[in-house]
There are 2 protein chains.
Amino acid sequence: MNAQILPWDDLRIVLAIVRQESLAGAGRELGISHATVFRRLGALEARLGVWLFERQRTGYVPTLAGDDLATTAARVATDIDAVERRLVGQDARLSGTLRVTTTDTLLMGLLSDVFAGFQHEYPHIVLEVEVSNREYNLSHRDADIAIRPTKLPPETLVGRQVGQIAQAVYVHRHHLETSAWVGPDSHLGYPALERWMAHEGVEAKCRYRVDSMLGMLAGVRSGMGRGVLPCYLADREDSLMKVGESLAPLETPLWLLTHPDLRRTARVMAFFSYLSEVLSTRQACLKGEVSASKPTSPCDERQSSEHDGDGAES
Amino acid sequence: MNAQILPWDDLRIVLAIVRQESLAGAGRELGISHATVFRRLGALEARLGVWLFERQRTGYVPTLAGDDLATTAARVATDIDAVERRLVGQDARLSGTLRVTTTDTLLMGLLSDVFAGFQHEYPHIVLEVEVSNREYNLSHRDADIAIRPTKLPPETLVGRQVGQIAQAVYVHRHHLETSAWVGPDSHLGYPALERWMAHEGVEAKCRYRVDSMLGMLAGVRSGMGRGVLPCYLADREDSLMKVGESLAPLETPLWLLTHPDLRRTARVMAFFSYLSEVLSTRQACLKGEVSASKPTSPCDERQSSEHDGDGAES
DNA sequence: AGTGAGCTTTGCATGAATGCACAGATCCTG
DNA sequence: CAGGATCTGTGCATTCATGCAAAGCTCACT
């Protein structure tokens, strides 16, 4: 283009460096080589004749000029993310990329074959699955759809509840008598489980702490003690036995969520329909009412409710 | 970058097509090949799965989606132009590009050798001169500095008055008796001259009309009649003779103007200083008080005044 | 009706941008 | 103190975006 001093894409480079505080981190965020970030920043600073970052031992620290540029870039990013969502929301094709975020346990215990089925049904849609337990608002289109257990879906998102996740205490079949427990560490970030274990008075018997639910499964499978696990995950394991009934206090709704601007995107709608249909046949599995290895009984009446972000049915 | 659906630079492409209504026009505005514009738009529409333009015989017409995107792009352009100006305003180097806009007559009759002198003084600064009589606000950095005759500099710009441009009636030496006139046509857009000619009662004697002041000069030089010309332009022509004194009603201040964000840019400051100094030695030339071919007398006391956009001396 | 100007679209060659691999430096952990 | 992880910076090969040139179409003017 015109001997352009400030290519608009360079603003994304600067913003990413400010956010990540390093060239390497910015490269990861943008999906480009850190070498490219290095060169693009250097070329930009040369054209502007202004330093945007101080190079310190601890990383790249923005100057006042760098902050000024990053502030504009952040505002621009918000505007462009919004128009991109509106445009993608008009995409009527059943092709292209669909980014889905979910938890590691849901993926391993429930969704992997559902996704495979979706892929088979819609071969021209590319599913990109990001396993993450991080906060999500879907505004930056880092994901298009979130599948999450939550009692309070974010007000900014819309979607459907597609089931209730039951949890129960499980123990290894060869260690039925153990009184030891596997529990969550502080990193897991599961206050409801912590409260339940305190209420049951089993905190003191906790001999093994983990920072993920997959770690919890692995611990119980290894006979390290008994532990609370989602039924859809644990019932698949022949080596584990459920102790007692599902724990009502820990039952959590499972939500399928997207950004309001994307709800009319053809591939988002297709995904929602497919997942709702398939998951309606998995209600027993989610509720822990039947072994996952056994054929599921016919599904109940429609189970899902919808969430419009404002509480009103749409 | 990340398999990016909407590269930020693509917004500039879309905005330019909306503004110019053609790929060729957009390419010219952006300084890139129309083929590139064609490919970039096509690739963007393919990624979005949405038509941004209808291809009509009369050109590219934006769809609602295209308008939506262009609206965001215009807002983004405003933000990025502003931050670019602030950053360029901090550039302390006496190098890089400096874009200057001025009129054809000023360039031909006064400024060409002044610019050459500046270039010699500051060899690392690249002057890009755009000859234009168009409206200018310098917000988009299509020019950094404007040199213009005007009684009312735009409120949004800052600068200095560097002289008074005198105008007078000139006639070819071999046609001193002619009563015919060369005058402005409606395209020239010079209402003050039209009013003056009407007031003098010479409209009816107008036998040749032109749409530029260079055309006016050419006409008088060809003996087509007498005409009003800037003294700095006409006094250089040995073949022309001034008839009477300068015309006070048509005297116009000459301004050197820039955008407030750029006033501290080193090369802008250098340009202002250089031009002010050189033009102060050309006051007689501007006022039509001495032949341009004769050595100029020592300049008067400081003549220029400054304009801060808000009327206050800074 | 013919011609010229301007626009859109496409194939091919070129050069610039990018990624890869590597070297060197720094910091943190065992 | 040593080793591993991470980051910055650079040289080289590769990839891809771009410009150029050309073909074809449309419109306006003579």
Side-chain angles (χ1 to χ4, degrees), chain A residues 1-48 50-63 66 70 73 97 185-187 211, chain B residues 1-48 50-63 66 70 73 96-97 126 187 211:
Chain A
M1 296 198 188
N2 263 332
Q4 200 185 350
I5 282 196
L6 184 44
W8 290 12
D9 274 321
D10 278 1
L11 276 81
R12 297 187 73 218
I13 304 278
V14 170
L15 182 57
I17 299 172
V18 169
R19 284 176 170 161
Q20 301 295 333
E21 298 178 329
S22 73
L23 301 179
R28 280 192 297 275
E29 175 176 309
L30 297 171
I32 60 176
S33 163
H34 70 275
T36 298
V37 178
F38 177 82
R39 293 194 197 99
R40 293 276 293 270
L41 175 64
L44 179 59
E45 286 175 325
R47 289 193 299 274
L48 289 173
V50 167
W51 290 111
L52 299 174
F53 292 91
E54 286 167 16
R55 279 76 164 155
Q56 293 182 355
R57 287 180 171 188
T58 48
Y60 274 57
V61 178
T63 60
T97 301
D185 73 5
S186 60
H187 292 100
D211 67 352
Chain B
M1 297 194 191
N2 261 330
Q4 200 184 353
I5 282 197
L6 183 46
W8 290 12
D9 274 320
D10 279 1
L11 277 80
R12 298 184 73 218
I13 303 277
V14 170
L15 182 57
I17 299 173
V18 168
R19 284 173 170 164
Q20 302 295 331
E21 298 177 328
S22 73
L23 302 179
R28 283 193 295 274
E29 175 175 309
L30 297 171
I32 60 178
S33 163
H34 61 277
T36 298
V37 178
F38 177 81
R39 293 194 198 100
R40 294 275 293 271
L41 175 63
L44 178 60
E45 285 175 324
R47 289 194 299 274
L48 289 172
V50 165
W51 291 110
L52 299 174
F53 293 91
E54 288 168 13
R55 279 76 164 156
Q56 293 183 356
R57 289 178 169 189
T58 48
Y60 275 57
V61 178
T63 59
T97 301
V126 174
H187 291 98
D211 67 352

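Labels below follow one simple rule: chain letters A, B, ... track the order of the sequence lines, proteins then strands, and each chain is numbered from 1. The structure presented is a predicted model; accordingly, all values stated were derived computationally and were not measured. Just so it is clear, the values below take in all heavy atoms, side chains as well, and ignore hydrogens, waters and symmetry mates.
A search for side-chain hydrogen bond (donor to acceptor under 3.5 Å, both in side chains) contacts involving Glu21(A) returns nothing, not counting sequence neighbours. By the side-chain contact (heavy atoms from CB on, under 4.5 Å) test, Glu45(A) is found to be paired with Leu41(A), Trp51(A), Leu52(A), Phe53(A), Arg55(A), residues two or more places apart in sequence or in another chain being considered.
With values rounded to the nearest 0.5 angstrom, His34(B) atom NE2 is found 12.5 Å from Ile17(B) atom CD1.
Note: CZ (Arg40(A)) to C1' (dT8(D)) measures 18 Å, nearest angstrom. The distance from atom CG of Asp10(A) to atom P of dA17(C) is 11 Å, rounded to the nearest whole Å. Computed from coordinates, the Glu29(A) CD to dT6(D) P distance equals 18 Å when rounded to whole Å. One can place CZ of Arg55(B) at 10 Å from P of dT8(C), the figure rounded to the nearest angstrom. Regarding Gln56(A), its CD atom lies at a distance of 12 Å from the P atom of dC27(C), rounded to whole Å. With rounding to whole Å, Leu41(A) atom CG is found 13 Å from dT10(D) atom P. Rounding to whole angstrom units, CZ of residue Phe38(B) and P of dG19(D) are separated by 15 Å. Taking atom CD1 on Ile32(A) and atom C1' on dC20(C), their separation rounds to 14 Å, with Å as the unit.
For the pair Ile5(B) and Arg47(B), the tightest heavy-atom approach, listed with the atom from each and the gap, is O-NE, 2.9 Å. Of all non-hydrogen atoms in Leu15(B) and Ala70(B), the two that sit nearest each other are CD1-O, 3.7 Å.
When the C1' atoms of four end pairs are superposed on the next four at each end of the helix from dA1(C)-dT30(D) to dG30(C)-dC1(D), using five pairs per end, the two resulting axes differ in direction by 30°, to 10°.
The base of dG11(C) lies close enough to the side chain of Arg39(B) for a donor and an acceptor atom to sit less than 3.5 Å apart.
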Between the protein and nucleotides 3-7 of chain C, list the N/O to N/O atom pairs that are separated by less than 3.5 angstrom.
unit_1 : atom_1 : unit_2   : atom_2 : d
dC7(C) : OP1    : Arg28(B) : NH2    : 3.3
dC7(C) : OP2    : Arg28(B) : NH1    : 3.2

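Looking at heavy atoms from C-beta onward, Ser33(B) lies out of side-chain contact with Arg39(B) at the 4.5 angstrom threshold. No side-chain heavy atom of Arg12(A) sits under 4.5 Å from any side-chain heavy atom of Ile32(A). Taking the side chain as every heavy atom from C-beta outward, Arg28(A) and Gln20(A) never approach each other to under 4.5 Å. Leu44(A) has its side chain within reach of Val14(A): a pair of non-hydrogen atoms, C-beta onward, lies under 4.5 Å apart.
Contact annotation: Ser33(A) side-chain N/O to dT18(C) OP1/OP2 distance is not under 4.0 Å.
Relative to the side chain of Thr36(B), the nucleotides dC20(C), dT18(D), dA21(D) differ in distance, and dT18(D) lies closest.
Along DNA chain C, the nucleotide nearest Ala35(A) and the nucleotide nearest Thr58(A) are compared for position; the residue whose nucleotide lies closer to the 5' end is Ala35(A).
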